[in-house]
Amino acid sequence: MKRNNASLIFLFGPTGVGKTALLESYFSEGYSVVNADSKQIYRHLDIGSAKPEPSLVARIPHYLVDILDPWEDFSVGQFVHRADEAVDEIRLQGRIPVVSGGTAFYFKHFLYGLPESPKSSASVRREINALVQENGLTWAHEELAKVDPVSAEKIHQNDTYRITRALEVFRSTGCPLSSFSVPTLPREGLTPLIIGLERDREELSLRIRQRVEQMMEQGLMDEIGSLLAMGATAQWPGMQGIGYREYFTLQESGGFSVEEFKELIVRNSIRYAKRQMTFFRSIGGVSWIHPDDRAQLESLLETYLS
RNA sequence: GCCGCUUUAGCUCAGUUGGUAGAGCAAAGGACUGAAAAUCCUUGUGUCCUCGGUUCAAUUCCGAGAGGCGGCA
């Protein structure tokens, strides 16, 4: 098997599809993994984020796992920069990088490159949030329409997140978000083998259910307990992850039963998996396979790497 | 056994003074310009429990039967 210096593999799929197991059996020899999962970058989120076992990480070098504390901010921009560095380093070692994870947004921008728009500013965002809080979302959308009619047209009036971001960009640059161009083609020299993992709905739901059960057995509650002891709040970026956020949601609404907690995690995971699939399907050039289809996977690798 | 209430979307229930029905939740589909496990959008045909009667027309009224809940025996 010849190793092309430009070789790069993407491995993605919805939560619970079986990415980690596949890494274990196919990519342990001569490969290094670059994590593309927005929650596994955080330390202390081991069980709830379904982080790979230490034994796997010991066998296959992993990059971008455990690089931040769960209260620290991260973004696609940082992901792309750090993933680029990781890929370079892996190649220097004569190994093949496998970008693996479930955050479709990260894959998209890694493949196409970042838009020209500026990175997010926490302080400006805070200001905007305060204004939105005070004057209401309708007002915010109208404000946006004044300074950036193109974005206002595209962003739905209920989409707090995107309205805030668009206003933030205008405030910090004086230019509308829509004036920054978005790349539509893969970056120069980037020709990865894109492997998408897919299972049918019932199969995936069942696996998600089993995995949540397993997380509870592994001590998800204890993990949350120690995060709380560290001062965790629902506002920590890491606490937005499924398996953690449900704790805060249920706390807020009063009651709390383990059964309820598990069911909520299962439901949110299944919904997330669906959103992931929608996003992944919009990425071009993907070879979709079932994780158990060894022959298909082997032939894809063979063809790509020779 | 008797009496009362109840049976409508996967679930909880509205509703039609008789013209074949609609909310919430669940579910399905979609979007994605540096927080993305985030944020947001769209989508409701279902023997209105069954059988019979009245009626131009019944899920709606009447009768019987069946299931559920409660009370009395």
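Order of the sequence lines sets the chain letters (A, B, ...), proteins ahead of strands, with each chain counted from 1. Given the structure is predicted, the values throughout are model-derived calculations rather than measurements.
G19(B) sits 7 Å from A57(B) when the C1' atoms are compared, rounded to a whole Å. Nucleotides U59(B) and U7(B) are separated by 16 Å at their P atoms, to the nearest Å. Comparing the P positions of U17(B) and G22(B) gives an interatomic distance of 14 Å, to the nearest angstrom. Separation of the P atoms belonging to G71(B) and A58(B) is 39 Å when rounded to the nearest angstrom. Spacing of C1' atoms, C72(B) relative to A28(B), comes out at 49 Å, to the nearest Å. Nucleotides G15(B) and U43(B) have their C1' atoms positioned 22 Å apart, rounded to a whole Å. Spacing between A38(B) and G70(B) at atom P, rounded to whole Å, works out to 41 Å. Nucleotides U45(B) and U20(B) place their C1' atoms 10 Å apart, quoted to the nearest Å.
Counting only heavy atoms from C-beta on, R162(A) has its side chain closest to U33(B) among A28(B), U33(B), A35(B). Residue R245(A) has its side chain nearest to A38(B) when only C32(B), G29(B), A38(B) are considered. For R267(A), counting side-chain heavy atoms from C-beta on, the closest listed nucleotide (G30(B), C41(B), A27(B)) is A27(B). Nearest to the side chain of L177(A), among U39(B), G34(B), C41(B), sits G34(B). The side chain of V76(A) approaches G34(B) more closely than any other nucleotide in the set G34(B), A35(B), U33(B). For N158(A), the listed nucleotide lying nearest its side chain is C40(B); candidates were C40(B), A36(B), G34(B).
In this structure, R187(A) contributes its side chain and F110(A) its backbone to a donor-acceptor pair below 3.5 Å. Q276(A) places a side-chain N or O within 3.5 Å of a backbone atom of G102(A) that can act as its donor or acceptor partner.
Of all nucleotides present, only G53(B) satisfies the Watson-Crick or G-U wobble test against C61(B), with each distance under 3.5 Å. Partner assigned to C2(B) is G71(B), using Watson-Crick or G-U wobble distances below 3.5 angstrom. Look at C32(B): it lacks any Watson-Crick or wobble partner with both distances under 3.5 angstrom. With a cut-off of 3.5 Å on both Watson-Crick or G-U wobble distances, the partner of C48(B) is given as none. In this structure, G22(B) and C13(B) make a Watson-Crick or G-U wobble pair, each of the two defining distances being under 3.5 angstrom. When both pairing distances are held under 3.5 Å, A66(B) makes a Watson-Crick or G-U pair with U7(B).
Within the nucleic acid shown, G48(A) comes within 4.0 Å of at least one base atom, counting heavy atoms only. Backbone-only engagement by R271(A) is indicated by non-hydrogen atom pairs under 4.0 Å involving sugar-phosphate atoms exclusively. Residue Y106(A) is classed as a sugar-phosphate contact, given heavy-atom separations below 4.0 Å to backbone atoms only. Counting any heavy atom pair closer than 4.0 Å across all strands shown, D37(A) reaches a base atom.
No option in V150(A), L177(A), I155(A) other than I155(A) meets the side-chain contact (heavy atoms from CB on, under 4.5 Å) test with L144(A). Here the rule is ring-ring contact (aromatic ring centres under 6.0 Å, His included) with H109(A), and of Y106(A), F105(A), Y112(A) only F105(A) fits it.
Atom-to-atom, CG of L167(A) to P of U39(B) comes out at 18 Å; the value is rounded to the nearest Å. In this structure, OH of Y272(A) is placed 17 Å from P of C32(B), rounded to the nearest angstrom. As rounded to whole Å, 7 Å separates atom C1' of A38(B) from atom NZ of K39(A). Remark: C1' of C32(B) and CG of L114(A) are 15 Å apart, rounded to the nearest angstrom. For the pair N268(A) CG and A27(B) C1', the computed distance is 14 Å after rounding to whole Å. The interatomic distance linking E72(A) (CD) with G34(B) (P) rounds to 21 Å, in whole Å. Summarising the geometry, the separation between NZ on K108(A) and C1' on A38(B) is reported as 15 Å, rounded to the nearest angstrom. Rounded to an integer number of Å, the gap from R275(A) CZ to A31(B) P is 14 Å.
Under 4.0 Å is where a charged nitrogen must lie from a carboxylate oxygen, and between K51(A) and D37(A) no such pair does. Checked for salt-bridge contact, E24(A) and R59(A) meet the test: a charged N lies under 4.0 Å from a carboxylate O. Taking a cutoff of 4.0 Å between a charged side-chain nitrogen and a carboxylate oxygen, R171(A) and E168(A) do not qualify as a salt bridge. In this structure, R209(A) pairs ionically with E263(A), as a charged nitrogen and a carboxylate oxygen lie closer than 4.0 Å. Comment: K262(A) engages E259(A) in a salt bridge, judged by a side-chain N to carboxylate O separation of less than 4.0 angstrom.
Contacts with RNA chain B (heavy atom under 4.0 Å) in residues 181-214 of chain A: V182(A), R201(A), listed by number.
Toward the 5′ end of RNA chain B lies the nearest nucleotide of S282(A), the other residue of the pair S282(A) and V169(A) mapping further downstream. Looking at which nucleotide of RNA chain B each of I242(A) and P115(A) is closest to, the 5′-most match is held by P115(A).
The base of A38(B) has none of its N or O atoms less than 3.5 Å from a complementary donor or acceptor on the side chain of R165(A). With hydrogens and angles left out, the side chain of Y161(A) and the base of A36(B) share a donor-acceptor pair within 3.5 Å.
Contact check, S117(A) against G34(B): a side-chain N or O comes under 4.0 Å of OP1 or OP2. An OP1 or OP2 oxygen of A36(B) is reached within less than 4.0 angstrom by no side-chain nitrogen or oxygen of T103(A). The side chain of T278(A) places no N or O atom within less than 4.0 Å of a non-bridging phosphate oxygen (OP1 or OP2) of A31(B). Between K154(A) and A31(B), a side-chain N or O to OP1/OP2 separation shorter than 4.0 Å is absent.
Rounded to the nearest 0.5 Å, atoms CG (D148(A)) and CZ (F170(A)) are 8.0 Å apart.
Remark: Y42(A) engages no residue in a ring pair (Phe, Tyr, Trp, His ring centres under 6.0 Å) (not counting sequence neighbours).
Stacking between F74(A) and A35(B) is absent: the aromatic ring centre is not both under 5.5 angstrom from the base six-membered ring centre and within 30 degrees in plane angle.
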